[in-house]
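Single-structure report; data block below.
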Amino acid sequence: MDVLYFAWVRERIGTPKDKVDTEAATVRDLVEELRAREPRYEAAFADLSALRVAVDQELADFDAPLAGVREVAFFPPMTGG
Amino acid sequence: MDVLYFAWVRERIGTPKDKVDTEAATVRDLVEELRAREPRYEAAFADLSALRVAVDQELADFDAPLAGVREVAFFPPMTGG
Amino acid sequence: MDIRVQEVPFDLGEEARAFAARQSGMGAVVTFTGIVRDVAEGLEVMEIEHYPGMTERALTRIAEEARARWGLGDVLVVHRFGRLRADELIMMVATAARHRADAFQAAEFLMDYLKSRAPFWKKEHGRDGASWVAARDEDEDALDRW
Amino acid sequence: MDIRVQEVPFDLGEEARAFAARQSGMGAVVTFTGIVRDVAEGLEVMEIEHYPGMTERALTRIAEEARARWGLGDVLVVHRFGRLRADELIMMVATAARHRADAFQAAEFLMDYLKSRAPFWKKEHGRDGASWVAARDEDEDALDRW
């Protein structure tokens with residue numbers, strides 16, 4: 001599964017993308033796995049209320065299931081326009 | 001005093017402008033004088049609720065006083081834009 | 001502030017580009033453009049009559065009020081008169097503000113007032129004759145929100 | 001429907017003129033244009049990051065919803081990414097409808113959704129360093145009205 005990071009999430013983690021091999025059932029489970037990796041992940045995911053998530057390029061919530069999913073992205077609230 | 005007519009008021013009366021010598025105290029008095037002139041004026045002023053009036057190029061009502069006024073205009077509700 | 005009442009066509013592209021380019025510190029520009037619709041399906045000419053002198057005064061007053069009320073950077077109003085055909089541009093307004101809500105509201109306010117308070121009258125000439133466009137109750141009612 | 005996400009500048013004049021010209025039977029065209037403001041007084045670059053792929057999907061969905069909801073004739077959305085300077089145009093939307101209220105409402109709806117639901121992020125680089133622009137509560141609240 002591709003895991004993408006944007007804006008300050010990308011900066012904090014230090015990469016725009018990870019290839020992740022996971023059995024995580026939901027986004028929240030995936031977050032816990034990532035958090036356990038290294039302090040920079042722990043820092044990026046410290047406050048989930050400051051983050052948004054997209055699953056296969058659709059906005060989703062942290063309870064979204066990951067079965068069959070190819071791409072998950074984490075980012076701060078959007079500021080377009 | 002110049003009295004101007006626009007849109008169907010102008011068409012009904014058959015002229016865009018009259019020079020009027022009047023002692024009328026208000027717009028309503030002026031309307032009564034004009035109405036008495038000829039059937040085409042009577043036709044144009046038959047229904048005052050369908051008319052709007054401007055006094056010296058400012059929207060006004062039919063009770064507006066005419067002392068010192070140089071220009072009065074009659075027309076239907078406006079349809080700009 | 002730029003208010004123009006004219007018989008000749010205007011170029012929406014040029015007006016919009018120049019308007020946006022001359023703003024400073026404004027984050028939002030809104031334009032509205034009115035186009036002659038072939039409502040009667042057979043419209044040959046849309047004739048627009050106005051009241052020279054009063055028209056400019058009314059538009060200037062409306063634009064000044066919008067500018068004060070929403071702290072606009074700038075306002076543009078262009079309105080044509082004379083004989084127009086279907087798909088020709090009748091008029092446009094443009095507003096510039098720091099934030100988008102103000103630019104939108106000011107443009108809607110300008111349009112609502114311009115529809116019912118600026119001395120223009122439209123006459124549609126179609127295949128089956130000509131008739132003056134009647135004012136719509138909705139346009140009068142639209143003023144209540146301001 | 002025309003949705004473009006691009007790094008190169010766009011020409012508001014050309015876009016507005018072409019958009020209005022290709023409408024048929026529409027009486028009203030509204031455009032909104034967003035411009036980089038020198039908010040920080042010392043802004044050197046506004047960097048806009050986006051999520052290629054998702055951005056186009058999100059904008060298309062928003063535009064389709066606006067078109068269905070207000071019976072629009074057409075919708076245009078252009079949004080830049082990359083590094084922009086003060087006074088550069090960031091993005092624009094254009095809507096065409098038979099009546100002005102629909103064109104205005106659709107444009108405001110597009111902007112409200114685009115602000116908070118399209119995956120763009122802005123970073124301001126100024127004299128005193130760089131910082132990500134925080135989402136504003138008002139922008140999130142603005143969605144409630146639709």
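First the proteins, then the strands, lettered A, B, ... as listed; each starts at 1. Just so it is clear, the model here is predicted, and its values are computed rather than measured.
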State plainly whether the residues [X] and [Y] are in salt-bridge range, i.e. N to O under 4.0 Å.
X       : Y       : result
D/Arg83 : D/Glu49 : no
A/Asp2  : A/Arg70 : no
D/Arg67 : D/Glu64 : no

Provide the full list of ring-ring contact (aromatic ring centres under 6.0 Å, His included) pairs with a residue in residues 13-39 of chain A, sequence neighbours left out, each pair given once.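 Listed by first then second residue: nothing to list.
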Pick whichever of D/Arg136, D/Arg117, D/Glu47, D/Met111 has the most heavy-atom pairs under 4.5 Å with chain A.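 Going by pairs under 4.5 Å, I would pick D/Arg117.
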Could you look at D/Arg80 and say if it's the side chain, the backbone, both or neither that has a heavy atom under 4.5 Å from chain A?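 No part of it gets close to chain A.
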Please flag which part of D/Ala134 lies under 4.5 Å from any non-hydrogen atom of chain A: side chain, backbone, both or neither.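 Backbone only.
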Under 4.5 Å, heavy atom to heavy atom: which of residues 84-106 of chain D reach chain A? Give them by number, or say none.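 At a heavy-atom separation under 4.5 Å, chain A is reached by D/Ile90, D/Met91.
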Part of A/Arg52 lying under 4.5 Å from any heavy atom of chain D: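 Nothing of A/Arg52, per the 4.5 Å heavy-atom cut-off to chain D.
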Can you confirm if the aromatic rings of D/Tyr113 and D/Trp146 lie within a centre distance of less than 6.0 Å? no
Look at the rings of A/Phe45 and A/Tyr5 and say which category their plane angle falls in: under 30° parallel, 30 to 60° tilted, over 60° perpendicular.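 Aromatic pair A/Phe45/A/Tyr5 classed perpendicular.
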Please verify the inter-ring angle class for A/Phe6 with D/Trp121; under 30° counts as parallel, over 60° as perpendicular, anything in between as tilted.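 Ring orientation, 0 to 90° scale: parallel.
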For D/Lys122 versus D/Lys115, what's the shortest heavy-atom pair and its separation?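 The pair with the smallest heavy-atom distance is NZ-NZ, 4.2 Å.
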